[in-house]
Amino acid sequence: LIDRFIAGEIKSKGKDKSRNTLQNYNTVKGHLIEYQLKTKTKLTFDKINLDFFYSYVSFLQKYTPRNSKEKGLAQNTISKDITTLKVFMSEAVDMGLTTNMQFRHKKFTVQEEATDAVYLNDREINAVYKLDLSENQRLERARDLFVFGCYVGLRYSDYSTIKPENIISIDGDLFIKLITTKTKTLVIIPCSPVVLEIFEKYKDNTNSLPRSYSNQKFNEYVKEVCEKAGLVEIGRLSTAPEKKLFESISSHTARRSFATNLYLDGFPTIEIMKITAHTTEKSFLKYIKVSKLDAAKRLSAFMKKRWSEKMLRVA
């Protein structure tokens, strides 16, 4: 199994060759090699059974990746690992390399946990944007880039590396047009008034944006900015209710905020997905973070509007 995995003889269904997918395959390959070394066994197609599954999951729960202080992989990482292995086993069956079907047993799976993350609403984003950081250029640049991300919905790897050619004019309006790094998907995003303000502020820079930082540094600076902006609410993370809001914010919060705020405003899900590049509505709805309070407020606004329309018809 490992030899064929390494040789690349088994391909995924759909022949997906995206950088992220190949990286995922290489990660799983590394885990399987480490498992072989740990258990002193050589994996074959016939050995991919329930006994292997329980042993392998236990191994991953204790596995410590290189350059990491965290012991044991997260449940969702293990779930993805098992899913990838099943994809390859399924392809191997189709290719006639094995008749072993135990990987399709209902117990041969690890359920994903619901992820917990935060988003910033429009009021909170505005508080960050209006914060006076004129005496601290390091934080001001990080803040402006973060707010820019909140209004374009891209991943940090994309919104921090926009080039001049990605900014185009259509019928007098400016748009951002690029192929996303992760999914290789074409997206076209209109530039909001805030985005235009940021472009104007940094017009002397090649791409009309502040200089970007490494993801790690950027996350540190954004947390510092958000604390200064007063985002210290406690309890937004159900898995860590003692955490203050600013402590939970990262570069990816910008993208999540963009998608969640548009969804709460009633913008069609399918249209938001054209920008976020989610391929299914199911994956999109898992991605956005709508709290029970948000849902209740949205329903309340809908009920008030519906009631007003009813009264007008009755009158």
Can you tell me if Thr84 uses its side chain to pair, donor with acceptor, with the backbone of Lys80 under 3.5 Å? yes

Is there a chain of hydrophobic side chains (I, L, V, M, F, W, Y, each step under 4.5 Å between heavy atoms) that links Phe146 to Phe246? no

Verify same cluster id: Met89, Leu50 (apolar side-chain graph, 4.5 Å): yes

If we ignore hydrogens and angles and just use 3.5 Å, is the side chain of Asp265 paired with the main-chain N or O of Phe267 as donor and acceptor? no

All ring pair (Phe, Tyr, Trp, His ring centres under 6.0 Å) counterparts of Phe148, not counting sequence neighbours: Phe199

Just by distance, do the side chain of Thr83 and the backbone of Ser79 share a donor-acceptor pair under 3.5 Å? yes

I'd like to know whether the aromatic ring centres of Phe88 and Tyr25 sit less than 6.0 Å apart in this structure. yes

Ignoring hydrogens and angles, state whether a donor on the side chain of His252 or Ser250 is under 3.5 Å from an acceptor on the partner side chain. no

Please enumerate all residues that pass ring pair (Phe, Tyr, Trp, His ring centres under 6.0 Å) together with Tyr129, with sequence neighbours excluded. none

Hey, does the side chain of Lys107 reach the backbone of Phe53 with a donor-acceptor pair shorter than 3.5 angstrom? no

Report whether Val232 and Ile125 are members of the same hydrophobic cluster (ILVMFWY, side-chain heavy atoms less than 4.5 Å apart, transitive linking). no

For Val187 and Ala277 the tightest heavy-atom approach is CG1-CB, 4.4 Å

Counting N and O atoms only, with roles assigned by atom type, does the side chain of Arg236 sit under 3.5 Å from a partner on the main chain of Lys243, one being a donor and the other an acceptor? no

Can any side-chain N or O of Gln75 pair as donor or acceptor with the backbone N or O of Val110 at less than 3.5 Å? no

Does a sphere of radius 6.0 Å around CD in Gln137 hold more than 12 heavy atoms from other residues, nucleotides or ligands, not counting ones at 6.0 Å or beyond? no

When you measure from the side chain of Asn219 to the backbone N and O of Ser251, does any donor-acceptor pair fall under 3.5 Å? yes

Between Ser257 (side chain) and Tyr119 (backbone), is there a donor-acceptor pair under 3.5 Å? no

With His31, which residues qualify under ring pair (Phe, Tyr, Trp, His ring centres under 6.0 Å), at least two apart? Tyr63

Going through the distances and angles, do Leu245 and Leu120 end up as a side-chain contact (heavy atoms from CB on, under 4.5 Å)? CA-CA 9 Å; Leu245 177 56; Leu120 300 183; 4.1 Å; yes

Check Glu200 with Lys203, please: is the shortest side-chain N to carboxylate O separation under 4.0 Å? yes

Tell me if the CD atom of Glu281 is crowded by more than 12 foreign heavy atoms within 6.0 Å. no

Taking all non-hydrogen atoms of both residues into account, name the closest pair between Glu140 and Leu133 and its distance. CB-O, 3.7 Å

Treating Ile, Leu, Val, Met, Phe, Trp and Tyr as nodes and any side-chain heavy-atom pair under 4.5 angstrom as an edge, say whether Ile179 and Leu154 lie in one connected cluster. no

Grab the two heavy atoms, one from Arg143 and one from Lys201, that are nearest each other, plus how far apart they are. NH2-NZ, 4.0 Å

Under 3.5 Å donor-acceptor, Gln36 side chain and Leu43 backbone: yes

Any link between Leu186 and Ile272 through a network of hydrophobic side chains (Ile, Leu, Val, Met, Phe, Trp, Tyr) touching at under 4.5 Å? no

Can you tell me if Lys184 uses its side chain to pair, donor with acceptor, with the backbone of Thr181 under 3.5 Å? yes

Say you draw a straight line from OG1 of Thr269 to CD1 of Ile288; how long is it, rounded to the nearest 0.5 Å? 6.5 Å

So do Leu145 and Tyr159 actually touch side chain to side chain, heavy atoms under 4.5 Å? yes

Between the CG atom in Leu85 and the OH atom in Tyr56, the distance rounded to the nearest 0.5 Å is 6.5 Å

Step by step, work out the side-chain contact (heavy atoms from CB on, under 4.5 Å) result for Ile48 and Gln102. CA-CA 7 Å; Ile48 307 301; Gln102 285 207 32; over 6 Å; no

For a ring-ring contact (aromatic ring centres under 6.0 Å, His included) check, start with the C-alpha distance between Phe52 and Tyr35, then their side-chain angles and the critical distance, and finish with the verdict. CA-CA 10 Å; Phe52 158 80; Tyr35 175 80; 5.5 Å; yes

When every non-hydrogen atom of Cys226 is compared with those of Val128, the smallest separation belongs to SG-CG2, 4.1 Å

Can you list the steps and then say if Val28 with Leu32 is a side-chain contact (heavy atoms from CB on, under 4.5 Å)? CA-CA 6 Å; Val28 176; Leu32 291 171; 4.2 Å; yes

Would you say Glu135 has more than 12 foreign heavy atoms packed within less than 6.0 Å of its CD? no

Please name all residues satisfying ring pair (Phe, Tyr, Trp, His ring centres under 6.0 Å) with Tyr202, sequence neighbours left out, ordered by chain then number. none

Closest non-hydrogen atom pair between Phe284 and Ala259, with its separation: CE1-CB, 3.9 Å

Between Leu131 and Ala229, which heavy-atom pair has the shortest distance, and what is it? CD2-N, 3.9 Å

Please report the C-alpha distance between Lys163 and Leu178 in whole Å, then the side-chain angles of each, then the deciding distance to 0.1 Å, and finally whether the side-chain contact (heavy atoms from CB on, under 4.5 Å) criterion is met. CA-CA 9 Å; Lys163 298 178 176 60; Leu178 54 76; over 6 Å; no

Through direct or indirect side-chain contacts below 4.5 angstrom among Ile, Leu, Val, Met, Phe, Trp and Tyr, which residues connect to Ile188? Ile168, Ile170, Phe175

Does any donor atom in the side chain of Thr180 or Asp158 lie under 3.5 Å from an acceptor atom in the other side chain? no

Please say whether the positively charged group of Arg141, taken as NZ for Lys or CZ for Arg, lies over the ring of Tyr213, i.e. under 6.0 angstrom from the six-membered ring centre and within 45 degrees of the axis. no

Output all residues satisfying side-chain hydrogen bond (donor to acceptor under 3.5 Å, both in side chains) with Thr39, sequence neighbours left out; order by chain, then residue number. Thr41

Whether the Asp46 and Thr44 side chains hold a donor-acceptor pair (N or O, under 3.5 Å, no angle test) is what I'd like checked. no

